[in-house]
Amino acid sequence: MQPDLHQKQQQGIDVAVLVSIGRHPTTGRARRAEQDARGLELALAIEAELPGTRISMLHAGSQDDSSEAALRGYLGMGLESMTLLEQPEGSDAILPLVEHLAATSPQLVITGARAERGEGSGLLPYALAEHLGWPLVNSLASVEKVENGVVTLLQALPRGQRRRLKVRLPAIISVDEAAPVARQSAFGPARRATFAITTTTSEADSELAQWHLAPARKRPKRLKIVKAASARDRFKAAASKSEGKGGQVLTDVTPEQGAEAIYKLLKEEDVLR
């Protein structure tokens with residue numbers, strides 16, 4: 001006897017994907033965030049493996065031409081619409097997201113590990129999990145199976161290791177570079193997709209208002225660089241005592257003389273410019 005098609009489609013789950021406005025590392029222009037796009041790619045993979053899965057995409061923030069162009073980068077991956085929780089610039093996004101997720105009750109929430117703009121602290125998934133009382137799994141590599149209200153996940157660990165976890169739904173998962181690379185965004189579907197705009201109760205982010213934000217500077221050069229072709233050479237270089245070529249031992253000098261010698265060394269090593 002063939003299974004009923006309608007019953008098979010009901011095996012899907014409700015997945016909510018939280019997306020943010022990213023920042024291009026070179027030009028600084030607004031774009032889709034890399035990790036959030038990987039999260040949406042993961043949701044599309046679940047939809048393909050589990051018929052009947054319903055994906056809703058959610059963003060909390062202000063609406064302008066720049067943010068709309070960035071958000072359409074997600075829509076071009078294959079969604080027809082997304083929900084925009086509109087709030088003024090500098091507002092705290094946690095409370096509107098919690099209210100919306102509590103009202104719509106998705107079974108699985110997917111986020112990126114951290115935003116590419118603003119605080120970028122990576123605490124939003126943890127704050128959502130605390131408010132909703134749902135389990136959280138971070139550094140997700142893939143979703144292997146969803147069955148009987150339990151999702152089997154593959155979590156990425158350091159040095160390429162993987163750990164298989166089983167988590168009861170509803171749950172929140174965050175992805176990073178371990179998740180599959182997001183597909184390209186198609187221009188036509190992105191332009192035809194629509195926004196469902198919802199006005200929310202917003203609170204100013206008082207902590208963020210006290211911060212002074214500035215572009216990150218290039219990291220200083222390392223003082224010691226071990227150039228060795230083999231592991232034996234690298235171990236030997238790390239374990240051997242420095243011969244001190246060209247060094248200087250300072251004894252019985254004043255603080256000013258010591259500081260001057262350190263400053264001169266940093267200039268010679270190209271740490272200070």
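If you're wondering where the values come from, they're calculated on a predicted model, not measured in any experiment.
- Between M77 and A182, the shortest heavy-atom distance links the atoms CE-CB, 3.9 Å.
- The side chain to side chain contact (heavy atoms under 4.5 Å, CB included) test with V151 is passed by exactly one of I173, L165, I46, V146: V146.
- Neither L136 nor L169 shares a network with the other; the hydrophobic side chains, linked directly or stepwise wherever heavy atoms of I, L, V, M, F, W or Y lie under 4.5 Å apart, form separate groups for each.
- Two residues are said to be in side-chain contact when any heavy atoms from C-beta on lie closer than 4.5 Å; R164 and T152 meet this criterion.
- The two residues W134 and P106 have their closest heavy-atom pair at CH2-O, 3.5 Å.
- Closest of all the heavy-atom pairs between A261 and L250 is CB-CD1, 3.5 Å.
- A side-chain donor-acceptor contact under 3.5 Å links E116 to the backbone of E34.
- Of the possible donor and acceptor atoms, none in the side chain of H24 sits under 3.5 Å from a partner among the backbone N and O of R29.
- Distance check, rounded to the nearest 0.5 Å: CG of L154 to CD of E144 gives 5.0 Å.
- Contacts classified as salt bridge (charged side-chain N to carboxylate O under 4.0 Å, His left out) and involving residues 60-74 (residues at least two apart or in different chains) are given here: E68-R72.
- With R117 contributing its side chain and G22 its backbone, the two residues share a donor-acceptor pair below 3.5 Å.
- R38 places no side-chain N or O within donor-acceptor distance of the main-chain N or O of G112, the cut-off being under 3.5 Å.
- Partner M57 forms a side chain to side chain contact (heavy atoms under 4.5 Å, CB included) with one of D36, T83, V15, L79 and no other, that one being L79.
- Here CG of L123 is found 8.0 Å from CD1 of I94. Values are rounded to the nearest 0.5 Å.
- Both L75 and I110 are members of a single hydrophobic cluster when ILVMFWY side chains are connected at heavy-atom separations under 4.5 Å.
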Handout entry: Evaluation steps, side chain to side chain contact (heavy atoms under 4.5 Å, CB included), between E49 and V143
Key = CA-CA 10 Å; E49 292 291 331; V143 176; over 6 Å; no
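- Looking only at distances, no side-chain donor or acceptor of R32 sits under 3.5 Å from a matching main-chain atom of A37.
- There is no path of hydrophobic side-chain contacts, each under 4.5 Å, that joins L40 to L128.
- Atom CG of residue L44 and atom OG1 of residue T53 lie 10.5 Å apart, to the nearest 0.5 angstrom.
- Other residues, nucleotides and ligands contribute more than 12 heavy atoms inside 6.0 Å of the CD atom of E99.
- For E268, the CD atom is densely surrounded, since the number of other residues' heavy atoms within 6.0 Å is greater than 12.
- At distances below 3.5 Å, not a single donor-acceptor pair connects side-chain atoms of Q155 with backbone N or O atoms of R163.
- Within a 6.0 Å sphere centred on CD of E260, heavy atoms belonging to other residues, nucleotides or ligands number 12 at most.
- Atom CG of residue L85 and atom CG of residue L58 lie 4.5 Å apart, to the nearest 0.5 angstrom.
- Expressed to the nearest 0.5 Å, how far CG of D252 lies from CD of Q257 amounts to 10.0 Å.
- Counting all heavy atoms, side chain and backbone alike, R54 lies closest to D14 at NE-OD1, 2.5 Å.
- V175 and L50 fall within a single hydrophobic cluster, where Ile, Leu, Val, Met, Phe, Trp and Tyr side chains are chained together by heavy-atom contacts under 4.5 Å.
- Put simply, I172 and L101 are part of the same group of oily side chains (I, L, V, M, F, W, Y) that touch within less than 4.5 Å, one to the next.
- Between the Y74 side chain and the S20 main chain, a donor and an acceptor come within less than 3.5 Å of each other.
- Pairing each heavy atom of L42 with each of A141, the nearest pair is CD1-O, 4.3 Å.
- A side chain to side chain contact (heavy atoms under 4.5 Å, CB included) with V109 holds for exactly one of V17, L97, L18; it is L18.
- In this structure, OG1 on T111 lies 9.0 Å from OH on Y126, to the nearest 0.5 angstrom.
- Considering every non-hydrogen atom in both L84 and G61, the closest pair reads CD1-O, 4.0 Å.
- In this structure a side-chain-to-backbone donor-acceptor pair under 3.5 Å is missing from Q35 to D176.
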